Each structure stands twice: as structure tokens, then as C-alpha cells.
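See below for the structure under consideration.
All values reported here derive from a predicted model rather than from experimental measurement.
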Amino acid sequence: MDYTSRMVALLRELRRERNGAVADSMRYYGTPYGLNYGVSLPTLRRIARAEAPDHGFARYLYRQDVRELRLAALHIACPACFTPEEFPAWAAGIVIPKSPRRPLLPC
């Protein structure tokens, strides 16, 4: 099975667990994702652990603009396969929300 069909099957599982209220809340507080199902982390971990560790598939998932796929990729990736050359690519996908309602305090 190719990466795209595996991703579609994974999205199907995640879609069953979606929580619109959580996704709306994340959007309201500034968490920018192209697609966000609002799946809880324990549920996401359970679904991701059903996949066999596959570093190439994890990199493919992490490049998608979908919150749950990026988080699932972290559980599907093979820790021994990470190389220092890959660190910037993985770090680029980290989303840090900024709340427009609270000003940032100076350090």
C-alpha cells in the first residue's frame, strides 16, 4: 500500500474520533492548521500505535497541514532513524499558538 492510501485510511480513523468543539476552540485561540479534527491525544496515540513504525511514512504525514497527522507522525516515526540533518524539517512543523487576547510580556 502506498503512502497516500495509508494516509487516507488513517484519516478515516481520525475522522471517526473528531471533536468539533475542541477544533473550534483551537482555531479561536490561534492554532493555525489547514485541517484540525480536534482528536484527543490519548485517542490519537492509540490510533497511531496501530501503524507499524515507518520513518518514511512518518515524514510523509508530517509534511501534511493536518494537526492529527503531524502528531501521529511523531508516534509512527522510528526514533533510531532520526538524524541531525532532519531536525530542522521536523522543527519547522511545530506550531506554537499565539493568543491575540493576551499580550506577550517582555522578558
*Who pairs with Y62 by ring-ring contact (aromatic ring centres under 6.0 Å, His included), at least two apart in sequence or on another chain?*
W90
*asked:* Working note: R18 + L14, criterion side chain to side chain contact (heavy atoms under 4.5 Å, CB included); need CA distance, chi angles, decisive distance, verdict.
replied: CA-CA 6 Å; R18 69 180 162 213; L14 293 168; over 6 Å; no
Got a donor-acceptor contact below 3.5 angstrom from the [X] side chain to the [Y] backbone?
X: R63; Y: A89; value: no
X: Q64; Y: Y60; value: yes
X: E68; Y: V39; value: yes

What heavy-atom pair brings [X] and [Y] nearest, and what distance separates the two atoms?
X: L61; Y: A73; value: CB-CB, 3.9 Å
X: L10; Y: A72; value: CD2-CB, 4.3 Å
X: T43; Y: S40; value: OG1-OG, 2.8 Å

Would you mind writing out the side-chain donor-acceptor pairs for residues 48-57 within the sub-3.5 Å range, not counting sequence neighbours?
{"unit_1": "E51", "atom_1": "OE1", "unit_2": "R6", "atom_2": "NH2", "d": "3.2"}
{"unit_1": "D54", "atom_1": "OD1", "unit_2": "G56", "atom_2": "N", "d": "3.2"}
{"unit_1": "D54", "atom_1": "OD1", "unit_2": "F57", "atom_2": "N", "d": "3.2"}
{"unit_1": "D54", "atom_1": "OD2", "unit_2": "R6", "atom_2": "NH1", "d": "2.8"}
{"unit_1": "H55", "atom_1": "NE2", "unit_2": "E86", "atom_2": "OE1", "d": "3.0"}
{"unit_1": "H55", "atom_1": "NE2", "unit_2": "E86", "atom_2": "OE2", "d": "3.3"}

*Interatomic distance, L69 atom CG to N36 atom CG [nearest 0.5 angstrom]*: 11.0 Å
*Only one of R16, H75, E13 forms a side-chain contact (heavy atoms from CB on, under 4.5 Å) with I47, so which one is it?*
E13
*Is there a chain of hydrophobic side chains (I, L, V, M, F, W, Y, each step under 4.5 Å between heavy atoms) that links V8 to L71?*
no
*So R15 and Y37, side chain to side chain contact (heavy atoms under 4.5 Å, CB included) or not? Walk me through it.*
CA-CA 7 Å; R15 194 175 300 124; Y37 291 129; 3.4 Å; yes
